[in-house]
Amino acid sequence: MMSRILVLYGTTEGQTAKIARAMAVQLRSSLIEVDLVRAGAGDPKPAGYDGIIVAGSLHAGGYQEPVVKWLRAHAAELEPRPTAFVSVCLAVLSKQAPARDEARAIPKRFVDRLGWSPTVIKVVAGALPYTKYNFFIRWVMRRIAAAAGGDTDTSRDYEYTDWRDLRDFVDRFAGLVTVRRELAS
Ligand SMILES: Cc1cc2nc3c(=O)[nH]c(=O)nc-3n(C[C@H](O)[C@H](O)[C@H](O)COP(=O)(O)O)c2cc1C
């Protein structure tokens, strides 16, 4: 029997969707069965999965509402299996250490409040798709990027996701799921 992993994600501008798809493709190539679900588009139940990865991106310090809703409904059922929370953000790239520390503290506080102890919390750098933003968001994001010592050319998009690091994380997570299944069988 193949292992089954749920990858549930929330996205606003699309980078977390891309990250979630990449994780799903990689897991499937390791012969793991994957359900890739956008939060809000379905209400998958944790039972029946050998591992669960939940991913969301930070906007003004919070995650997508459908992700929060799904976790509130199911946090108590997550624990017996390996689980991971993937927090996609930009602050982790800041030249200022307190901002980077906060980028790591936010997901920890988030899962603590839910009463969920994921096996892994993975902070992933997202993207700055200036050309996809409306005028106001572009202006705000440029100011934030400038203050953080980041990229400010609004005529182009920037992608910061470290795909190799993400692949290592997915490999490790798949390993946890496989080991747990073998121990249980
Ligand atoms: C309006 C807005 C607010 C954001 N707020 C934060 C934030 O509070 N902290 C952070 O680290 N990144 C923040 N970001 C950066 C996003 O997390 C980053 O662009 C991420 O790649 C978005 O993922 P998505 O495309 O899946 O929505 C913000 C981006 C936008 C457009």
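Counting convention: from 1, in listed order, for ligands and their atoms alike. Keep in mind that the numbers below use all heavy atoms, side chains included, and drop hydrogens, waters and symmetry copies.
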How far is atom 13 (C) of ligand 1 from its nearest protein heavy atom, and which residue and atom is that?
Leu58 O, 3.1 Å
Using a strict cut-off of 4.0 Å, indicate which atoms of ligand 1 neighbour a heavy atom of Thr11.
24 (P), 25 (O), 26 (O), 27 (O)
Out of all atoms in ligand 1, which are within 4.0 Å of some heavy atom of Thr12? Include the element for each.
24 (P), 26 (O), 27 (O)
For Ala174 and Ile32, the nearest pair of non-hydrogen atoms, with its separation, is CB-CD1, 3.7 Å
Residues which pass side-chain hydrogen bond (donor to acceptor under 3.5 Å, both in side chains) with Gln64, listed by chain and number, not counting sequence neighbours:
Thr12, Ser57
Ring centroid separation Tyr63 to Phe85 under 6.0 Å:
yes
Applying salt bridge (Lys or Arg N to Asp or Glu O under 4.0 Å), run through Asp50 and Arg181 and close with a yes or a no.
CA-CA 7 Å; Asp50 301 299; Arg181 261 178 74 104; 3.0 Å; yes
Residue, atom name and distance, where the atom is the protein heavy atom closest to atom 10 (C) of ligand 1:
Leu90 N, 3.6 Å
Sequence neighbours excluded, the answer for side-chain contact (heavy atoms from CB on, under 4.5 Å) partners of Ala84 is Ile53, Val120, Phe169, Phe173
Side chain or backbone, does Gly10 bring an N or O within less than 3.5 Å of an N or O on ligand 1?
no
Ring-face cation contact, Tyr49 with Arg4, 6.0 Å cut, 45° max
yes
Decide whether the shortest distance between a heavy atom of Leu128 and an atom of ligand 1 is less than 4.0 Å.
no
Who gets closest to atom 4 (C) of ligand 1 by heavy atom: Glu13, Lys18, Arg138, His59?
His59
Assess Tyr9 for proximity to ligand 1: is some non-hydrogen atom of it under 4.0 Å away?
no
Tyr133 heavy atoms within 4.0 Å reach ligand 1 at atoms 19 (O), 31 (C)
Going by the atom numbers of ligand 1, which of them fall below 4.0 Å from some non-hydrogen atom of Thr16?
23 (O), 24 (P), 26 (O)
Purely on distance, is any nitrogen or oxygen of Pro129 under 3.5 Å from one on ligand 1?
no
Which atoms from ligand 1 have a heavy atom of Ser57 less than 4.0 Å away?
22 (C), 23 (O), 24 (P), 26 (O), 27 (O)
How long is the gap from CG on Asp35 to CD1 on Ile52, to the nearest 0.5 Å?
10.5 Å
Taking the side chain from Arg38 and the backbone from Thr11, do they hold a donor-acceptor pair closer than 3.5 Å?
yes
Looking at Glu102 and Lys108, is there a salt bridge between them, counting it only when a charged N and a carboxylate O are closer than 4.0 Å?
no
Proximal atoms of ligand 1 relative to Gly126 (non-hydrogen, under 4.0 Å):
21 (O)
Show the atoms of ligand 1 that are less than 4.0 angstrom away from any heavy atom in Ala60.
3 (C), 4 (C), 5 (N), 6 (C), 7 (C), 8 (O)
Among protein heavy atoms, which lies nearest atom 21 (O) of ligand 1, and at what distance?
Ala127 N, 2.9 Å
Please report which non-hydrogen protein atom sits nearest to atom 8 (O) of ligand 1, along with the residue it belongs to and the distance in Å to one decimal place.
Gly61 N, 2.9 Å
Leu58 and Cys89: which non-hydrogen atoms are nearest, and at how many Å?
CD1-CB, 3.9 Å
Does the pair Glu33 and Arg28 meet the rule for a salt bridge (Lys or Arg N to Asp or Glu O under 4.0 Å), with working shown?
CA-CA 6 Å; Glu33 195 181 322; Arg28 284 175 186 144; over 6 Å; no
Could you report the tightest heavy-atom contact between Val170 and Met23, atom names first, then the distance?
CG2-CG, 3.6 Å
For atom 29 (C) of ligand 1, what's the nearest protein heavy atom and its distance?
Met141 CE, 3.3 Å
Sub-4.0 Å atoms of ligand 1 with respect to non-hydrogen atoms of Ala91
10 (C), 11 (O)
Has Ala103 got any heavy atom lying under 4.0 angstrom from an atom of ligand 1?
no
